[in-house]
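Note that ligands are numbered from 1 as they come in the structure, with each ligand's atoms numbered from 1 the same way.
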Amino acid sequence: MTAVKRSATQIRQDFIDFFVEQRHTFVPSSSLVPGGDQTLLFTNAGMVQFKDVFLGVDKRPYNRAANSQKCMRVAGKHNDLDDVGRDDTHHTFFEMLGNWSFGDYYKPEAIDWAWQLLTQVWGLEKGDLWATCFRDDQGDIPEDDEAAVVWRKQPGMNPDHVLFFGRKDNFWEMAETGPCGPCSEIHIDRGLKYCEKQYIPGHVCQVNGDCARFLELWNLVFIQYNRLSPTKLEPLPAKHVDTGMGFERIVSVLQDVSSNYRTDLFTPLLDSVQQMTRHSNEEREENFTPYRVIGDHSRAAAFLIADGVVPGNTGRNYVCRMIIRRAARFGGKIGLNEPFLARVAEKVIEQYGDFYPELVRNRKAILDNLTREEERFQRTVDSGVAKLESLLARLVARGERVLPGGQAFSLYATYGLPVEITRDIAREQGLDVDEPGFRQAMEEHRLASGAGEAFGPLGGEDVDIYRELMAGLEEQGKLQLQGVVYNPYEWLEVEGPLLAMVRDGKPVFAAQPGDRVELILPETGFYIESGGQVSDTGTIVAAAEPAWEMRVVDMRRPAAGIIVHVAEVVQGEPEVGRQAIARVDALRRQDIMRNHTATHLLHAELRTVLGEHARQAGSLVAPDRLRFDFTHPQAVTAEELERIEAGVNRDILGGYNLNIKIKPLQQAIGEGATALFGEKYGEIVRTITIGGTDPFSYELCGGTHVEETGDIGLFLITSEGSAAAGIRRIEAVTGRGAYELVMRRFRVLKQASDLLSAPQDEVTLKIQDLMADLGEARKQISGLKQMQAQNAMIRHLDVAAEVKGVRVLTATLDDVDAETLRAMTDRFRQRYPSGVAVLASVSPDGHPALVASVSEDLVKRGLHAGELVKHVAASLGGSGGGRPTMAQAGGKDAANLEKALASVTGWVEAHLAG
Ligand SMILES: [Zn+2]
Ligand SMILES: [Zn+2]
């Protein structure tokens, strides 16, 4: 290896600089949470953010792009977690370097540049490099000779190093149908010293072989077909290039180390672990697996939290929780029993923060979440592992090898032990876990707890019919090339011809009253739901006789440039070609705008009052209310809520103008604009700044807003609660909604004031007075009742029975509490120093209460008040107990009370000794 050792940071920059020189646009990595793609848990390849460009539903202002993309592969089809820690090449989080051509350059340039970068910029030995091209093993698709020819003529390329492989290695498909094409891979021969199988008889080191000597470095995909069916391909009119190079791998090659974990991407992280364990270098080598797991997982968790994914119970949040806990457990194996991941994450932020500033911006959230999650896990891990050990021991004793999924789930639900950790521990003992069973149990639990499905299917869009319609309209010159002109910011009313109507998925020329149709106009001011703001509604009417009217109930955008009004025909018969006037419901829109601007104020105020970690996790901007979800670990207190509400109203009354500007995404991010979680942004973004020269709110936002904050009117919070683990939800009203709420409250106050005959300001005083009076009255009633009970008691005392010379009294007193019953037994005792009394009372709701009293001398003769009262209560469907001299019980049903009391004399007779 003659290459100069470069730092990983330098290598990443080399790649980007090289392609920017070849007139590529540098496109920053998109979030780990794929924007607008419901089918993916995490961004798992560089092309994810360009998928719609290849599918033809999105257009970009550039046709060459290069980047380094953050990726996660931890669940689903691409699941590398099993291998992470066990080997030197797998990661949960990784970076993918890539360059793209969207219908621009093709194979010759892509191959030339790859060769130049590897051999000239990075100085890799030409003789070590190999290239593979596509030759169909099924004989249907033409061989990619075009690529092979270009490879063979690269300066210094050994022609024998150009090989052909079949579909498995060298044909790329996005899905069962859609864009696809041959690919060309570059492999490097790292020399015999990297072959770990050289002593295995019959082993041959080769490209696409099974040892570590040959490594695939870079995959160049040439997208030239559209797959229509398993056997049918058609050539694409525009051909694309999509390349991917694993960053960690190329760094390990250029730094000439045997493991990705021995590159400078990881060594600072692992060094920090070693400082904490105080291991010698030998001990660090002996424990390299825990070191690798900690290095990988702390890096992944830091990036996840920076993208707004905090630890939680389902979906992405579960993944974040699981990797933190798994890292914590491996830390435990090398003696790290206190939270330690924040210290490793500091190194991640240091190492990656320049290229990924979101790490620096979210530093506090990253460190706090890691430590909090480790602490949570520490509370339960020991009992969880102990429980698991005993379950595993029982399996072994029964000669079984697989832990049932239901048991794995209850370990998670009860002890917070993620199934991945359960699996680690089981495998350490040569056992396995029924993971499909775990997922099923988890799903059942999630559905049962009402959480719903995490990832719904993609909306079945009838994109094709609209694409055809649009193409026709463009050809006839009725539509501009970029499609329907959309300006919800300035137009509440537009006039234009009805270009097309679709009913039941088919284009129609005319529609009847009652029909539900979708229609296209050349321009529209109707807002399409996005960024939480709901779609506009309104009307579309004929601009001239004969009259007709449609009510717009929804808006949608099946693909870029295609905007569809979903409408119901109210009257008349609209026809394609007729001139129409489309009016947004302006009053409703005004309400929506108040709520949207208030949402920005609320977001800013939450961060001021609760801290920078309080970030948007979802929002709804509707006409009647706004709903805002944000990350915050505990309930917002009443005092905090009051400060937040007051702060927003202060900003409203400040009468700040909204400063709305269009600028490049990178500039806005650089200026500190808040980008929203899970949102997909283009190159050019709309920014909303509020607060004059020293703005307190700066967000990327495509929504519609009031002109100045004073337009919002009043802002009132109506509720605060939990939306999901670690996520709180605030609902609020503004403007007309707030006015209506205040009016409702005033009405209640006025009714109260009328009922109390007190001025409104004195209502609470008056209520306090009434409550005091009521307390006094209750006391009097209770005194009277007691007196009444005493009088009744005196009558009962006169007729107490005698059993074997012992006085026995049973009596029912009207509607008194247990306290009074006990007081009455004292009366009995005063009259009869030796004796047994059972007193009962039935409460107004029909529940009997009992008190039994036995004098000391009779206790010595074998009577026990507790047993007696239990005996009586048993036939009343109740139970009770107490001391030998005094006991108490309650019952459910008073129907048998008389009979139960009558049984007392018999009981006494039976139990009385001597
Ligand atoms: Zn080998
Ligand atoms: Zn907004």
*Asks:* Got a second to check how far Phe165's CZ is from Asp137's CG, nearest 0.5 Å?
*Replies:* 11.5 Å
*Asks:* Please indicate whether Tyr489 has more than 12 foreign heavy atoms, meaning atoms of other residues, nucleotides or ligands, lying under 6.0 Å from its OH.
*Replies:*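 Check passes, neighbour count above 12.
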*Asks:* May I ask you to check whether Tyr261 and Tyr291 place their ring centres under 6.0 Å from each other?
*Replies:* no
*Asks:* Please state the angle at the Zn ion (ligand 1) spanned by SG of Cys195 and SG of Cys211: what is it, rounded to 10 degrees?
*Replies:* 110°
*Asks:* Would you name the N/O/S atom of His203 that lies closest to the Zn ion (ligand 1)?
*Replies:* NE2
*Asks:* With a 3.5 Å distance limit and no angle check, can you tell me whether Arg292 reaches the backbone of Val84 through a side-chain donor-acceptor pair?
*Replies:* no
*Asks:* Test of geometry: compute the angle NE2(His600)-the Zn ion (ligand 2)-SG(Cys701) and round it to 10°.
*Replies:* 110°
*Asks:* Restricting to N, O or S atoms of His596, which is nearest to the Zn ion (ligand 2)?
*Replies:* NE2
